[in-house]
Enquirer: 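Have a look at this one.
Keep in mind it's a predicted model, so treat the numbers as computed, not measured. Lettering follows sequence order; numbering is per chain, from 1.
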Amino acid sequence: MLIKAPRGTYDILPEDSSRWQYIEKIMKETAEIFGYREIRIPIFEHTELFERGVGETTDIVSKEMYTFSDKAGRSLTLRPEGTASCVRALIEHSQYGGLLPIKWYYVGPMFRYDRPQTGRYRQFHQFGVEAFGSNNPYIDAEVIILLIEVLLRLGLEEYELHLNSVGCPECRGEYRQKLIEHIEPYQDRLCKDCQTRYTQNPLRVLDCKNEACHQAIEGYPTLFSNLCDKCQEHYAKVKETLIENEVSFMHDDNLVRGLDYYTNTAFEIHIPGIGAQSAVGGGGRYNGLVEECGGPDLPGIGFAMGMERLLLAVDKLGEKFAEDKEPDVFIAVMDPAYESQGMKILQLLRKAGIKAEKDYNQRKAKAQMKYADKIGARAVILIGEEEVEKGFLTLRNMRSKEQFQVDPQDLVRSVCKTLLID
RNA sequence: GUGGGUGUAGCUCAGUUGGUUAGAGCACCAGAUUGUGGCUCUGGGGGCCGUGGGUUCGAGUCCCAUCAUCCACCCCA
């Protein structure tokens, strides 16, 4: 029985890795320009971190975590997202004690036990940023602008930015009560999922896609209209700043987001045409999270982008990625007796920074030439009886088909000349 | 967790109402005289027909299960 990659996981082969390197580079560069620095966090954490940080009632914690016990009986979980780990690291290393804000970014795999489909995997990759220690609405805007900047640099100009404010614990608490009262009479008309949402996290009834549920709760009070003055002001400033910086968005009353820790600003980015899973990024403010995880009362805001989905969107643009896998030079030996000599020349060229290859499959002279051609070598160095006896090397330009004898002492210079002329 | 589609060579796919040693194209390897590429020609290696059961004289073809994959629901990145 052939062992295959586990469900929902996949290999990124060399022919694809250049695409990944391309988007990773753009993300990192953009984040650095915005003043964010890379943090590398563990792939797994104590299960409790996610239970507390992400929230017990979320889909992630309640049914999507890869949880296991290690040999000492600890319950560990493959990280389903990055924010909780960043918060843990922040607290663990007392990073809050220094200059604020703290601005971090991360790139790496996340794990969720979900049913795979287009743009959704069990091991998927996220690029994310977190900014701790400022409750200034301008930093909310900065984070969103950074997200948009990454998209633009990737050439993705068609996006939909959904924006909402989920308020603070105070006004959201009041609103939650209002909403419960509004829904109560229609409770039994809700779908099964919403029945549980109603008792556990009524706000999430709002972003249910089920038409019947929407009809049932029609005329519900919106979160937006129930924000306290402070939250309203904060939200207004964020929107204003986005407008001033030419970031278009749409206010979305139904955007609640799945994770429990969000406060105030919440946003989600969609790119049409990449399948049902069109959210390429999302995030928001989480002012209670650091304290919830045992740290000081420190505000925070961040987002995460899904690399696979971005790649789908980038692919749709039809751009080509330079692979640069062709060698500059191929060493062909006319007889196995000269292989060791070929090996030495190979290393000589490589030391000089020339991308060089030779045959490792006992091919005959003709087959070596064929091979050199197929792998796209620009030049071939031939070593045969005559070369060894007379002490020269034959250098062939594969494009012009010119070939001439060169002095081994001047090999590197001759090769460079040939490659340049081309 | 739910629903639907698909699983035949490395890749893309044929495979007739179930019937002999399962095919093509591409790719790979080797030859077409002696130390030399892209074209052409010839030949060659390769398939537990996803897996396990069942029906049948006989299954790649039919039935069941299972696994994987794709698409959608759900949810999110």
Enquirer: Show every side chain to side chain donor-acceptor pair (under 3.5 Å) that has at least one partner inside residues 121-137 of chain A, sequence neighbours left out.
Expert: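 Residue pairs with at least one partner in residues 121-137 of chain A: A:T83-A:E130, A:H125-A:E308, A:E130-A:Y286, A:N135-A:R285, A:N135-A:N287.
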Enquirer: Check the distance between B:C74's C1' and A:I60's CD1 and give it to me in whole angstrom.
Expert: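 The distance from CD1 of A:I60 to C1' of B:C74 comes to 14 Å, rounded to the nearest Å.
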Enquirer: Measure CZ/A:R112 against C1'/B:C74 and give the value in whole Å, please.
Expert: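 Rounded to the whole Å, the gap is 14 Å.
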Enquirer: What I want to check is whether an N or O donor and acceptor connect the side chain of A:Q368 with the base of B:U36 at under 3.5 Å.
Expert: no
Enquirer: Kindly write out the residues that satisfy side chain to side chain donor-acceptor pair (under 3.5 Å) with A:Y138, not counting sequence neighbours, or none if the list is empty.
Expert: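 Only A:K237 meet the side chain to side chain donor-acceptor pair (under 3.5 Å) criterion with A:Y138.
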Enquirer: Show each protein N/O and nucleotides 70-72 of chain B N/O combination with a separation under 3.5 Å, one pair to a line.
Expert:
from, atom 1, to, atom 2, distance (Å)
B:C71, OP1, A:T118, OG1, 2.2
B:C71, OP2, A:T118, N, 2.8
B:C71, OP2, A:T118, OG1, 2.8
B:C71, O5', A:T118, OG1, 2.7
B:A72, OP1, A:A276, N, 3.2
B:A72, OP2, A:Q117, NE2, 3.4
B:A72, OP2, A:T118, OG1, 3.2

Enquirer: Between P on B:A77 and CD on A:Q126, what's the gap in Å once rounded to a whole number?
Expert: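 My rounded result for the distance is 7 Å.
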Enquirer: In whole Å, what is the span from the OH atom of A:Y371 to the P atom of B:C29?
Expert: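 Answer to the nearest Å: 9 Å.
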Enquirer: A:L78 CG to B:A77 C1': how many Å, rounded?
Expert: 16 Å
Enquirer: Using a heavy-atom distance cut-off of less than 4.0 Å, which residues of residues 300-314 of chain A contact RNA chain B?
Expert: A:A304, A:G306, A:R309
Enquirer: With sequence neighbours left out, which residue pairs that include part of residues 327-354 of chain A fulfil the salt bridge (Lys or Arg N to Asp or Glu O under 4.0 Å) condition?
Expert: A:E339-A:K358
Enquirer: Write out all pairs satisfying side chain to side chain donor-acceptor pair (under 3.5 Å) with one or both partners inside residues 20-31 of chain A, taking only residues at least two apart or from two chains.
Expert: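 Pairs touching residues 20-31 of chain A that pass the test: none.
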Enquirer: Is the shortest side-chain N to carboxylate O distance from A:D59 to A:R112 below 4.0 Å?
Expert: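 Not counted as a salt bridge, because no side-chain N and carboxylate O are separated by less than 4.0 Å.
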Enquirer: Output one line per pair: protein atom, nucleotide atom from nucleotides 31-34 of chain B, and distance, for all N/O pairs under 3.5 Å.
Expert:
from, atom 1, to, atom 2, distance (Å)
B:G31, OP1, A:K364, NZ, 2.4

Enquirer: Which whole-number value in Å describes the distance from A:R363 CZ to B:G37 P?
Expert: 15 Å
Enquirer: With sequence neighbours excluded, give me every salt bridge (Lys or Arg N to Asp or Glu O under 4.0 Å) pair touching residues 45-55 of chain A.
Expert: A:E45-A:R88, A:E48-A:R52
Enquirer: Taking ring pair (Phe, Tyr, Trp, His ring centres under 6.0 Å) as the definition, give me every residue that meets it alongside A:Y96, ordered by chain and number, with sequence neighbours left out.
Expert: none
Enquirer: Ignoring hydrogens and angles, does a donor from either the side chain of A:E64 or the base of B:G1 sit under 3.5 Å from an acceptor on the other?
Expert: no
Enquirer: Which ring pair (Phe, Tyr, Trp, His ring centres under 6.0 Å) pairs, counting each pair once, include a residue from residues 384-416 of chain A, with sequence neighbours left out?
Expert: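 Sorted pair list comes back empty.
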Enquirer: Using Watson-Crick or G-U wobble pairs with both distances under 3.5 Å, give me RNA chain B in dot-bracket, 5' to 3', with [ ] for crossers and | for pairs to another strand.
Expert: (((((((..((((.....[...)))).(((((.......))))).....(((((..]....))))))))))))....
Enquirer: For A:F330, what residues pass the ring pair (Phe, Tyr, Trp, His ring centres under 6.0 Å) criterion, not counting sequence neighbours?
Expert: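 Listed in chain order: A:Y371.
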